[in-house]
Amino acid sequence: MDFPEKKLGFGLMRLPKKDDRILLDETIELVDEFMASGFTYFDTAYVYAGSEEIMKKAITERYPRDRFTAASKMAPWKLSSSFSALDMFNESLERTGLEYFDYYLLHNLQDTHLAQCGKYGCWDVVHELKAEGKIRHLGFSFHGDPPLLRRILEEHDEVEFIQLQVNYLDMDSPFVRADENLRIAKEFGKPVIVMEPVKGGLLSSVSSTLLPPGVSAPDLALRYAASLDGVKVVLSGMSNLEQVKENIKTFSSAQVLTDEDMKAIEAIRKFYREGSMIQCTACRYCTSGCPKHIDIPLVFRAVNDLRAIGEHGRPRNYYLDLVEAGRIGRASECIKCRKCEAACPQHLPITDLLKECSAILDDGAKA
Ligand code: SF4
Ligand code: SF4
């Protein structure tokens, strides 16, 4: 199957926002910069709030269809007896203004979502849509463990590609096992689209003291992902023009790693493991179900910032301001219902982590 010549893909899940609304003019600026440099791949999903609609306004209505490639995803966990897989697909087409998707994925296949796919006939629906030409290439995104990946591929040879979480920190992580998942994809002959190459921004904020001279943190992480065997597209959830320009620069020459780069990667891995950084990717899948409205990724980010750069006042004050304004719940208010843990693709022990974070953030007065 064909993939775009240039490997950088634009993930439309972290677009510029104000008051929770995606900003159209700013998004258009990013899209135009990306397209002007010859990049074509855009990735959205039914569950990325406002993202499919912005794709319509910023891309579909402004560029000829053969100038870009569009990917979206079906969320099996949102289906019900009154909202079918076909309803969801058609809604995605309507929101994006497209007549077909170049790449269409079943989103985040894990045990419960696979069961939903079976219950609501997702596989049959996507096969029919592919036969009708409304899906050009069929795949799935995956954050689970290698045995499950193997099982899905054994049962679904028709899948053409896989979207995997891959970055240098997750290669041997017991929660992600990206290296094993990549090996399985290769064994089954499936090309890979990489998501989370900078681990939700965590690897973009690596201290310059750990990087080779002249190399930026995102550049190192993106080149690492792009250089791996079988990787055809690397998605980056870009939020501002500076990121777009920097990523374009990274992907405008060969994505190779030097010995110095590899030494830096080893040092960064050591730093993160020994520094007990919380491996949250800020995907926010955990937040909508929280009965106490705790902004879990924000809490984790605040504590990571404290641990990584030793910055005391700002992240903690920012968190406490939001709590005091009643906009988010306090970490200490967690009732351990564990709804968030069931939704977390990183399998983080969120309730235990929140307890740790609460001791750091909630106690004492603001700085
Ligand atoms: S376990 Fe705590 S943080 Fe998680 S959903 Fe329940 S109340 Fe919210
Ligand atoms: S805790 Fe898990 S689900 Fe929540 S934002 Fe972080 S990685 Fe995503």
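Note that ligands are numbered from 1 as they come in the structure, with each ligand's atoms numbered from 1 the same way.
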Novice: P345 heavy atoms, cut-off 4.0 Å: which ligand 2 atoms fall inside?
Specialist: 3 (S)
Novice: Just grab all the side chain to side chain donor-acceptor pair (under 3.5 Å) pairs involving residues 179-190, residues at least two apart or on different chains.
Specialist: R150-E187, R177-E180, K186-D229
Novice: Below 4.0 angstrom from a heavy atom of R284, which ligand 2 atoms are there? Numbered from 1 as shown, please.
Specialist: 5 (S), 8 (Fe)
Novice: On the ring face of Y104, is R136 found with NZ or CZ under 6.0 Å from the centre and within 45° of the axis?
Specialist: no
Novice: How about atom 2 (Fe) of ligand 1, which protein N, O or S atoms come within less than 2.8 Å?
Specialist: C334 SG
Novice: Just need the protein heavy atom nearest to atom 8 (Fe) of ligand 2, so name the residue and atom and give the distance.
Specialist: C283 SG, 2.4 Å
Novice: Going through the distances and angles, do N108 and Y285 end up as a side chain to side chain donor-acceptor pair (under 3.5 Å)?
Specialist: CA-CA 11 Å; N108 188 9; Y285 292 157; 5.7 Å; no
Novice: Taking the six-membered ring for Trp and the single ring otherwise, decide whether the centroids of F161 and Y103 are under 6.0 Å apart.
Specialist: yes
Novice: Taking the ring of F34 and the ring of F42, is the distance between their centroids below 6.0 Å?
Specialist: yes
Novice: Determine, considering heavy atoms only, which of P297, P349, G200, C344 sits nearest to atom 3 (S) of ligand 2.
Specialist: C344
Novice: Do R330 and I294 make a side-chain contact, defined as non-hydrogen atoms from C-beta onward lying under 4.5 Å apart?
Specialist: no
Novice: Taking the side chain as everything from C-beta on, heavy atoms only, tell me whether L228 gets closer than 4.5 Å to V231.
Specialist: yes
